[in-house]
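Just so you know, residue 1 is the first one in the sequence shown, and it goes up from there.
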Amino acid sequence: MLKSKNATTKITALVVDDSMVNQLIHHKLLENLGIENQIVGNGKEAIDVHCSGKHFDLILMDMDMPVMDGIEATRTLRAMGIRSTIAGVSSHSSLSEDAQEFIEAGLDDYQEKPLTTAKLVSILQKVNLHV
């Protein structure tokens, strides 16, 4: 079981993606690492969950979603003072202009889809969310 750097509680994650297939894949990858996670379908829902008082150690944020995209959601969460680790997960190359805008919005990490266990562990290690 993975633990956060300064606690013995489980790491919690929020999956923000409009694709049910990606939601399932990301949920299972996190679950397999012992990370409790919740799923929402767009950036506005991610904002709403945080406004309700929930806190997550990690947010896996898709870039292209209806209602509110990942770029706007990341900017809004950072403006709200949310300090969770936000990892952008998108099919865009990290060299693309859109991906660069996403990174500049306040991401801690960026990974191209498909997300794998190795990529997820890399995200966790970069932010010291591991045993």
Side-chain angles (χ1 to χ4, degrees):
M1 174 192 330
L2 297 176
K3 307 222 190 264
S4 60
K5 58 186 166 192
N6 51 5
T8 57
T9 58
K10 275 189 171 186
I11 294 172
T12 58
L14 179 65
V15 175
V16 187
D17 202 307
D18 60 317
S19 162
M20 290 180 67
V21 172
N22 288 329
Q23 288 176 356
L24 180 63
I25 291 168
H26 297 173
H27 173 74
K28 284 294 183 191
L29 286 170
L30 290 161
E31 193 175 68
N32 289 344
L33 291 174
I35 299 172
E36 294 177 4
N37 63 93
Q38 182 175 337
I39 298 169
V40 295
N42 62 60
K44 183 180 181 322
E45 291 176 4
I47 304 297
D48 292 345
V49 164
H50 282 85
C51 287
S52 75
K54 286 224 173 187
H55 170 77
F56 300 91
D57 299 301
L58 173 65
I59 301 169
L60 296 179
M61 181 77 71
D62 184 27
M63 183 163 59
D64 299 314
M65 298 176 285
V67 184
M68 181 186 285
D69 66 24
I71 295 169
E72 185 179 349
T74 299
R75 281 191 189 120
T76 303
L77 288 168
R78 292 303 190 212
M80 292 167 55
I82 302 300
R83 299 278 47 108
S84 303
T85 296
I86 304 177
V89 184
S90 178
S91 56
H92 292 265
S93 161
S94 61
L95 301 176
S96 77
E97 201 171 298
D98 288 338
Q100 287 304 309
E101 182 182 4
F102 196 12
I103 292 164
E104 290 166 10
L107 294 181
D108 296 294
D109 194 26
Y110 183 87
Q111 296 289 336
E112 289 181 40
K113 289 180 182 174
L115 190 63
T116 62
T117 300
K119 288 178 181 178
L120 183 54
V121 168
S122 169
I123 293 167
L124 296 169
Q125 288 175 337
K126 284 179 187 174
V127 297
N128 203 24
L129 289 174
H130 55 87
V131 179

Engineer: To the nearest 0.5 Å, how far apart are CD in Q125 and CG in D109?
Structural biologist: 11.0 Å

Engineer: Please report the shortest heavy-atom distance between Q23 and G41, naming the atom on each side.
Structural biologist: NE2-CA, 3.9 Å

Engineer: Walk me through whether R78 and D108 qualify under salt bridge (charged side-chain N to carboxylate O under 4.0 Å, His left out).
Structural biologist: CA-CA 11 Å; R78 292 303 190 212; D108 296 294; 2.6 Å; yes

Engineer: Using 0.5 Å steps for rounding, measure from the CZ atom of F102 to the CD1 atom of I86.
Structural biologist: 8.5 Å

Engineer: May I ask whether L120 and L107 are part of the same hydrophobic cluster, defined by side-chain heavy atoms of I, L, V, M, F, W, Y residues being less than 4.5 angstrom apart, directly or through others?
Structural biologist: no

Engineer: With sequence neighbours excluded, what pairs up with Y110 under the ring-ring contact (aromatic ring centres under 6.0 Å, His included) test?
Structural biologist: none

Engineer: Applying a strict under-4.5 Å side-chain criterion to I, L, V, M, F, W and Y, I'd like to know whether I59 and V49 cluster together.
Structural biologist: yes

Engineer: Under the side chain to side chain contact (heavy atoms under 4.5 Å, CB included) rule, collect the residues that match up with E45, sequence neighbours excluded.
Structural biologist: V40, N42

Engineer: Can you name the nearest heavy-atom pair linking V16 to G43, along with the distance?
Structural biologist: CG1-N, 4.0 Å

Engineer: State which residues pass ring-ring contact (aromatic ring centres under 6.0 Å, His included) with H27; sequence neighbours excluded, sorted by chain then number.
Structural biologist: none

Engineer: Do L29 and L115 come within less than 4.5 Å of each other through their side chains, counting heavy atoms only?
Structural biologist: yes

Engineer: Roughly how far apart are S84 OG and H50 NE2, rounded to 0.5 Å?
Structural biologist: 4.5 Å

Engineer: Taking only residues at least two apart or on different chains, which pairs with a member in residues 16-40 satisfy salt bridge (charged side-chain N to carboxylate O under 4.0 Å, His left out)?
Structural biologist: D17-K113, K28-E31

Engineer: Counting C-beta onward and ignoring hydrogens, is there a side-chain heavy-atom pair between L60 and N37 closer than 4.5 Å?
Structural biologist: no

Engineer: If you define the side chain from C-beta out and look only at heavy atoms, does anything of I47 sit under 4.5 Å from M80?
Structural biologist: yes

Engineer: Sequence neighbours left out, cut at 3.5 Å: what donor-acceptor pairs do the side chains of residues 67-75 make with other protein atoms?
Structural biologist:
| unit_1 | atom_1 | unit_2 | atom_2 | d |
| --- | --- | --- | --- | --- |
| D69 | OD1 | I71 | N | 3.1 |
| D69 | OD1 | E72 | N | 2.8 |
| T74 | OG1 | G70 | O | 2.7 |
| R75 | NH2 | E101 | OE2 | 3.3 |

Engineer: Under a single-linkage definition using a 4.5 Å side-chain heavy-atom cutoff for Ile, Leu, Val, Met, Phe, Trp and Tyr, are M20 and V15 assigned to the same hydrophobic cluster?
Structural biologist: no

Engineer: Do you know which of L14, V89, L77 makes side-chain contact (heavy atoms from CB on, under 4.5 Å) with M61?
Structural biologist: L77

Engineer: Determine whether H26 and D62 make a side-chain contact, defined as any pair of heavy atoms from C-beta on separated by less than 4.5 Å.
Structural biologist: no

Engineer: Hey, any chance I39 and I123 share a hydrophobic cluster, counting ILVMFWY side chains that come within less than 4.5 Å of each other, even indirectly?
Structural biologist: yes

Engineer: Which residues pass the salt bridge (charged side-chain N to carboxylate O under 4.0 Å, His left out) test with D98, not counting sequence neighbours?
Structural biologist: none

Engineer: Taking side chain as C-beta onward, heavy atoms only, is I11 less than 4.5 Å from L33?
Structural biologist: no

Engineer: Determine whether more than 12 heavy atoms belonging to other residues, nucleotides or ligands lie under 6.0 Å from atom NZ of K44.
Structural biologist: no

